[in-house]
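Counting begins at 1 with the first residue of the sequence.
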Amino acid sequence: MGKVKVKKSDVWIDMTPMSDVMTLLLTFFMLTSTFVKNEPVKVNVPGSVSEIKVPENGVLTILVNPEKDAAGNPTGEGQVFMSIDNTDQLGSTLQAVMPDASAALLDVFTREGTFGVPLSEMKSYLMMSTDQRQKVLPTKGIPLDSIDGGMSEFQMWVDAARNVNENIKLALKADASTPYKTVKKVMSELQDMDESHYYMITNLKTSEGD
């Protein structure tokens, strides 16, 4: 008896619904994602076993980094930078500290995200090209010394950010090799402003012995 031949037929799958789903998912993630802006310095945070998460929105991040000279050697001092995740609040904070800032300078400032130069140099800094600002910023830092016995520039920025957003959260991100005296100075200035609650950004350890 001869074998029965099974007629072969092509299998066709309509992928249109799958393409629609992928497009919707891609659009969703693009609209809900928070893009991380480049920081002026690479901060290697110390390890910790704490699992308290830093809020994703409404955060003023204070970066504390060890200062280096032109040859790349530590000077024994530290530098302070700041960043605010909300662009509108970032611009309003600059306007509070520098009321005479022009719209052009304000636009540059909000696109940078992270800031950290003395107020006396802010205008000239913002007028530089992007490449120049990227080279200059890591060599600067927000001054911690008080002005005529009053607030320091660091405290002025924190106070302005709090006035713009009274619910703003503070997060301290210090490099593991930052001189302790600089970190202590930052904490002391926050304490002088009655800011005793803030997050410490660290790397998560798996156990106490790691």
Side-chain angles (χ1 to χ4, degrees), residues 6-65 80-98 101-117 125-126 128-135 137-138 157-158 160-176 195 197-207 210:
V6 180
K7 184 179 179 181
K8 295 182 179 180
S9 60
D10 295 333
V11 178
W12 181 80
I13 301 176
D14 187 3
M15 297 296 293
T16 303
M18 183 63 70
S19 300
D20 292 340
V21 172
M22 292 299 295
T23 302
L24 290 173
L25 287 174
L26 180 60
T27 304
F28 171 77
F29 287 120
M30 289 179 63
L31 294 177
T32 58
S33 298
T34 300
F35 295 93
V36 179
K37 295 183 179 181
N38 291 330
E39 294 179 349
V41 291
K42 183 176 177 58
V43 179
N44 299 313
V45 295
S48 171
V49 295
S50 174
E51 297 185 12
I52 300 176
K53 294 183 178 180
V54 178
E56 296 182 359
N57 301 306
V59 179
L60 168 63
T61 303
I62 303 168
L63 308 173
V64 188
N65 195 63
V80 177
F81 303 91
M82 291 183 180
S83 66
I84 300 177
D85 58 347
N86 186 294
T87 303
D88 293 334
Q89 294 177 14
L90 179 62
S92 298
T93 301
L94 176 64
Q95 289 179 317
V97 178
M98 289 182 57
S102 65
L105 296 181
L106 184 62
D107 180 64
V108 175
F109 184 79
T110 54
R111 284 190 280 110
E112 289 293 298
T114 301
F115 55 95
V117 298
Y125 166 77
L126 294 176
M128 297 178 182
S129 66
T130 302
D131 291 338
Q132 288 178 317
R133 291 197 301 272
Q134 291 178 349
K135 292 179 181 178
L137 187 58
W157 283 109
V158 175
R162 290 191 308 183
N163 290 332
V164 170
N165 178 10
E166 60 180 10
N167 296 317
I168 197 168
K169 304 296 189 299
L170 304 184
L172 182 59
K173 185 176 182 180
D175 191 279
E195 282 288 355
H197 298 284
Y198 44 83
Y199 297 88
M200 295 290 293
I201 300 178
T202 58
N203 283 325
L204 184 63
K205 287 184 176 182
T206 57
S207 65
D210 289 346

TODO: Kindly indicate, with the supporting measurements, whether the criterion side-chain contact (heavy atoms from CB on, under 4.5 Å) is fulfilled by Lys173 and Ile62.
DONE: CA-CA 6 Å; Lys173 185 176 182 180; Ile62 303 168; over 6 Å; no
Open item on the list: Can you tell me how far apart CG (Leu172) and CG (Leu63) are? Round to the nearest 0.5 Å.
Closed with: 9.0 Å
Task: Inter-residue atom distance Thr93.OG1 - Met82.CE, 0.5 Å rounding - done: 10.0 Å
Open item on the list: Quick one, Lys169 with Tyr199, criterion side-chain contact (heavy atoms from CB on, under 4.5 Å). Give me CA distance, side-chain angles, the key distance, then yes/no.
Closed with: CA-CA 8 Å; Lys169 304 296 189 299; Tyr199 297 88; 4.1 Å; yes
Task: Option passing side-chain contact (heavy atoms from CB on, under 4.5 Å) with Ile84 (candidates Leu94, Leu60, Val59) - done: Leu60
Open item on the list: For a quick test of reading the model, state the closest non-hydrogen atom pair linking Asn165 to Gly58 and the distance between them.
Closed with: ND2-CA, 4.3 Å
Open item on the list: Is the shortest side-chain heavy-atom distance between Ile168 and Val164 below 4.5 Å?
Closed with: no
Task: Heavy-atom closest contact (Met128 atom, Arg133 atom, distance) - done: O-NH1, 2.6 Å
Task: Qualifying residue, where the test is side-chain contact (heavy atoms from CB on, under 4.5 Å) with Leu126 and the options are Val117, Leu106, Val108 - done: Val108
Open item on the list: Ring centres under 6.0 Å, that's the criterion: do Phe109 and Phe115 meet it?
Closed with: yes
Task: Nearest heavy atoms of Val97 and Ala160, plus distance in Å - done: CG2-CB, 3.6 Å
Task: Check ion pair Asp131-Lys135 (N to O, under 4.0 angstrom) - done: no
Open item on the list: Give me the atom names and distance for the closest heavy-atom approach of Thr114 to Leu137.
Closed with: O-CD2, 4.0 Å
- [ ] Applying salt bridge (Lys or Arg N to Asp or Glu O under 4.0 Å), name anything that partners Asp88, two or more places apart in sequence or on another chain.
- [x] none
Open item on the list: Quick check: do Glu112 and Leu90 have side-chain heavy atoms less than 4.5 Å from each other?
Closed with: no
Open item on the list: Using a 3.5 Å distance criterion without hydrogens, assess whether the side chain of Gln89 forms a donor-acceptor pair with backbone atoms of Asn86.
Closed with: no
